[in-house]
Amino acid sequence: LKPKAYKPQVVSLGPFHHGDPELLPMEEHKRRALRHLLRRAKRPLEDFVAAVEEIAEPLESAYLDLGADWRGAGGGRERFLEVMIVDGCFLLEVMRAAGLDWRNTAVDYAPNDPIFSHHGVLYMVPYIRRDMLMLENQLPLILLEKLVAVETGKPTVWYPSRSHACSRTRKFVSFFR
């Protein structure tokens, strides 16, 4: 198999490809997206950390071959949670910039932003979208739901009805069309 078939080309999401040298340039954009989301949500980072800590074990178990350097003592779990929060907030911002949310996130970003401007959405988001589909480069849906719950101040509701679950799934899947 060619590495291009399973390795992301522009962005790492989650722990498996985090730190790959060819993907490091996107880290700056991910951190900027986190800052924008925090500013818009008017919530401190600590609220997001506490919420994601609540689901740390299910998040870890979502990654089958997650190494010991990402788990438990010795800073592994903290590093893992940091990656989850930064990458999750980035992904939410990308999805919103691409038009999946009623809010216009683009107003928060510079008109020449390489990712979140109109130009960035047209030319960079397709590459990000492709990388999101790679099996080793995905984030658990429970992470995104938890981040949205903290951002909006509404409790996380775990699929209260079949129609709610289906509408969320349709909304997420429509991002890939």
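Since this is a predicted model, take the numbers as computed values, not measurements.
Minimum interatomic distance between N137 and L13 (heavy atoms only, all atoms of both residues): OD1-N, 2.6 Å. Taking every heavy atom of both residues into account, M84 and L139 meet most closely at CE-CD2, 3.8 Å. The shortest non-hydrogen separation linking G88 to L143 is CA-CD2, 4.1 Å. Between P44 and L38 the shortest heavy-atom distance is C-CD2, 4.3 Å. Annotation for P140 and A62: closest pair CG-CB, 3.7 Å, computed over non-hydrogen atoms. Annotation for A97 and V121: closest pair O-CG2, 3.5 Å, computed over non-hydrogen atoms.
Atom CD of E151 and atom CG of L147 lie 8.5 Å apart (nearest 0.5 Å). Between the NE2 atom in H119 and the CG atom in N112 there is a gap of 10.5 Å [rounded to 0.5 Å]. A distance of 8.0 Å separates NE2 of H18 from CG of L24, quoted to the nearest 0.5 Å. One finds the CD atom of E93 at 4.5 Å from the CG atom of L37 (value rounded to the nearest 0.5 Å). The distance from the CG atom of D131 to the OG atom of S12 is 9.0 Å, given to the nearest 0.5 Å. Considering CZ of R129 and CG of L133, their distance stands at 9.0 Å, rounded to 0.5 Å.
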> R39 and D108: salt bridge (charged side-chain N to carboxylate O under 4.0 Å, His left out), yes or no, with the steps?
Replying inline: CA-CA 9 Å; R39 187 177 320 118; D108 284 355; 5.8 Å; no

> After noting the C-alpha distance and the side-chain angles of V49 and E53, does the key distance pass the side chain to side chain contact (heavy atoms under 4.5 Å, CB included) rule?
Replying inline: CA-CA 6 Å; V49 172; E53 280 177 336; 4.0 Å; yes

> Can E136 and H17 be said to form a side chain to side chain donor-acceptor pair (under 3.5 Å), step by step?
Replying inline: CA-CA 8 Å; E136 291 183 346; H17 296 284; 3.2 Å; yes

>> Apply side chain to side chain contact (heavy atoms under 4.5 Å, CB included) to residues L66 and F80 and explain how you reach the verdict.
In response: CA-CA 10 Å; L66 188 64; F80 177 74; 3.9 Å; yes

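For E57, the CD atom counts as loosely surrounded, since its 6.0 Å shell holds 12 or fewer non-hydrogen atoms of other residues, nucleotides or ligands.
Residue D113 forms a side-chain hydrogen bond (donor to acceptor under 3.5 Å, both in side chains) with just one option from H29, H118, R32, and that option is R32.
With a 4.5 Å cut-off on side-chain heavy atoms, E22 and V10 do not count as touching. When side chains are defined from C-beta on, I128 counts as touching F90, because their heavy atoms get closer than 4.5 Å. Looking at heavy atoms from C-beta onward, L45 lies in side-chain contact with I85 at the 4.5 angstrom threshold. Counting heavy atoms from C-beta on, the side chains of M134 and K7 never come closer than 4.5 Å. You'll find the side chain of R77 reaches within 4.5 Å of the side chain of L81, heavy atoms only.
In this structure, the side chain of R71 does not engage the main chain of G76 through any donor-acceptor pair within 3.5 Å. Proximity of a side-chain donor or acceptor of S117 to a complementary backbone N or O of P114 within less than 3.5 Å is not detected.
Both tests pass for R79 against the ring of W70: distance under 6.0 Å to the centre and angle within 45° of the axis.
In the hydrophobic cluster analysis, where Ile, Leu, Val, Met, Phe, Trp and Tyr join through side-chain heavy atoms closer than 4.5 angstrom, Y127 is grouped together with V125. Cluster annotation: F48 is connected to L141 through the hydrophobic network of ILVMFWY side chains, with a link wherever side-chain heavy atoms come within less than 4.5 Å. L23 is not connected to M26 by any chain of hydrophobic side-chain contacts under 4.5 Å among Ile, Leu, Val, Met, Phe, Trp and Tyr, and they are in different clusters.
A salt bridge links K146 with E54: the closest approach of a Lys/Arg side-chain nitrogen to an acidic carboxylate oxygen falls below 4.0 angstrom.
Using the six-membered ring where Trp is involved, F16 and Y63 have ring planes that are perpendicular, over 60° apart on the 30 and 60° scheme.
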